[in-house]
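Beneath this line is the structure, given in structure tokens, with notes to follow.
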Amino acid sequence: MLALSEKSAHFLEQIIQKDLLKNQRLHLRFPPEPNGYLHIGHAKSICLNFGLAEKYAGQCNLRFDDTNPLKEEQAYIEAIQSDIKWLGYHWHDEIKYASNYFKQLYQWACYLIDQNLAYVDELSADQIRIKRGTLTEIGENSPFRQRSIADNKVCFEKMKSGGYAEGQAVLRAKIDMTHPNLNMRDPILYRIIYASHHQTLDEWCIYPSYDFAHGQEDAIEGITHSFCTLEFSDHRLLYDWFLDHLPVSSRPKQYEFAPLNLSYTLTSKRKLKQLIDEKYVTGWTDPRLPTLSGLRRRGVPPEAIKRFCSMIGVTKSDSVVDVSMLEFSIREVLNQEAPRAMAVMYPLKLTITNLDDGEKIQLKAPNHPQNDTFGTRNLCFTNTLYIDQADFKIEKPNKKWKRLYLGGEVRLRNSYVIHCHDMKLNENGEPIELFCTYDQNTLGKDPVDRKVKGVIHWVEADSACDATFYLYDRLFQNETPDMHANIPFTDFLNPKSLVIVAGSKVESSLKQALPGVVYQFEREGYFCLDETLSKQKKQLIFNRTIALKDTWVQ
RNA sequence: UGGGGUGUAGCCAAGUGGUAAGGCAACGGGUUUUGAUCCCGUGAUUCGCAGGUUCGAACCCUGCCACCCCAGCCA
């Protein structure tokens, strides 16, 4: 926490600090296009914009950049809102939509025509592309560039009223076909799309391009600093050109920062959508996805995401952030917040031979080892328990082995020290039942005459609940799955990204596991109830948020 | 090869002319009824490279190199 507030200001924050000194307002915006769910990369931008507005007592708008009805949906608008709320941010005023400004944008387009700065081009998309030139060759004027203002007004009106087919005409700015920046070679302002828009329905059949919309939207809303990712750097010139030539009432400035790349992860809406459409995952909320909805369902707390965003910084250099940083912040938050419980993933029956059938010992266990305010819970100890198969070996494999073996001793977490004196094997020679005695004199204290190093977790057989665990692992086996020129990212999918373990046991207190609460199943990891799946399959299903850090080298 | 950017440890990142912060990862050690947490310790004679300016350069100048983005009627 301390480190967080002491962190030095990144370059955008420094710009804000300077501008604030000059008595400027601070008004930011987060402008997603509603064409998919938000992911961890958007979280970086959300934390930047909402976080800075919060820190410097400014405002931050939520604005849906909905200029393309072909790709957008109302469902995405709703999902995006709940993801932002989940992160704990509040947008200023009403939600904004680019579509709120369609009329104003249209009037400004007419204004540009009147200024002889825009024209209707009836070249085909292909012809426009060819005449635009290339990176090294200048472009060439369209034959329609010399249309009269009056003609342009007629043609633009014709575009607006449905007099052209899709693709038959576009409105372009008249700038400079020889400009070294391709964006300045008469960019397209309006195109014809005969599609119903989720907000404006069938009111329009012409839609503004991103370039013609974004800066003006910022100006209309009185945005002071417009932060976007690096790939828009080349558009800044155009952004300024429109603001210079239009009678806008405020002058926002665009600044660019590097988008987030995360190792072993995809941060591209388009590619995430492909994974969903091609059924590699179950949907936008699949816990293996880096979508905010997926992370939430997985059990990742919003605070972890905020800490992560603070940890990675904001710069202009291309980078790939190691996913271990995200994992660290998840564990850091969960270690503090998660109540502890015990769960046995692969049960092995263990009979206490010096305890009679029906005898019950009530035990109390703290819900958090470092924080008493979490309180305690009751545990029942009888002669029939389960421990994990991984915690028992017939023979002690090496001197570092701290768990149970035949003839050895181990502490049962929150309970007694037991000694294993016998076992039953199946036909394959695998142990199927252990016989142990417990040492009555070891509850809450160490035995006086000997050292018992190991501690293992357990559940009481009779009171335990059956549960199924969904163990998630990274979706890709390659650090940069989408950065290989000739290999599709789907080639790197991890076949073990989801492992379902059924037939597990959780302690009785988890019968009432609360949705939304992440528990630490001691020695295993952090888990949370999957409400949807549990209801659907009528059993307790836990998602593993993340395993505990494991530094044990066998 | 036009234009716009970026190069500081395996990864992220401070540093803005006074002699290389911090975090993640890794590796040691200590504590521990979670092989977790916590604590302590270990890294750059050097900042893409080469010159130059200066008493002094990661920071200034010159030249070079590498990588990223741009030729949607996507955003």
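Letters go in sequence order (proteins before strands), and every chain restarts at 1. Everything numeric here is computed off the predicted structure, so don't read it as measured data.
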Can you work out whether A/Y416 or A/E231 has the more 5'-proximal nearest nucleotide on RNA chain B?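 First, find each residue's nearest nucleotide; the 5'-ward one identifies A/Y416.
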Earlier contact from the 5' end, RNA chain B, for A/N181 and A/F11: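 Closer to the 5' end of RNA chain B: A/N181.
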Without decimals, in angstroms, what is the distance between A/N414 CG and B/A36 C1'?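 Going from CG in A/N414 over to C1' in B/A36 covers 14 Å.
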In whole Å, what is the span from the CG atom of A/D211 to the P atom of B/A75?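 So the two atoms are 8 Å apart, to the nearest Å.
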Any salt bridge between A/K549 and A/E327, counting N to O under 4.0 Å?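 So A/K549 does not pair with A/E327 through a salt bridge.
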Can you find an N or O donor on one side and an acceptor on the other, under 3.5 Å apart, linking the side chain of A/Q520 with the base of B/U34?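 Side chain to base: pair found, below 3.5 Å.
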Distance (rounded to the nearest 0.5 Å) between A/K158 NZ and A/I206 CD1: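 Going from NZ on A/K158 over to CD1 on A/I206, the span is 14.0 Å.
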If the glycosidic angle is within 90 degrees of 0 it's syn, otherwise anti, so just tell me which one B/G4 is.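 Anti for B/G4; the angle lies over 90° from 0.
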What's the gap between B/A9 and B/G23 when it is taken at their C1' atoms, as a whole Å value?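 These two C1' atoms come out 13 Å apart once rounded.
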So if I take every side-chain heavy atom of A/S317 and compare against B/G5, B/G35, B/U6, which nucleotide ends up nearest?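 When the side chain of A/S317 is considered, B/U6 is the closest of B/G5, B/G35, B/U6.
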Contact residues, residues 162-172 of chain A to RNA chain B [heavy atom, < 4.0 Å]: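 A/G167, A/V170, in order of number.
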Whether A/Y210 stacks on the six-membered ring of B/A75 base, 5.5 Å and 30° limits: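 A/Y210 ring does not meet the centre or angle cut-off for B/A75; no stack.
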A/R270: which residues meet the salt bridge (Lys or Arg N to Asp or Glu O under 4.0 Å) condition with it, sequence neighbours left out?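 Result, salt bridge (Lys or Arg N to Asp or Glu O under 4.0 Å) vs A/R270: none returned.
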Check whether the ring centres of A/Y526 and A/Y519 lie less than 6.0 Å apart, and answer yes or no.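 Ring-ring flag for A/Y526/A/Y519: false, centres at least 6.0 Å apart.
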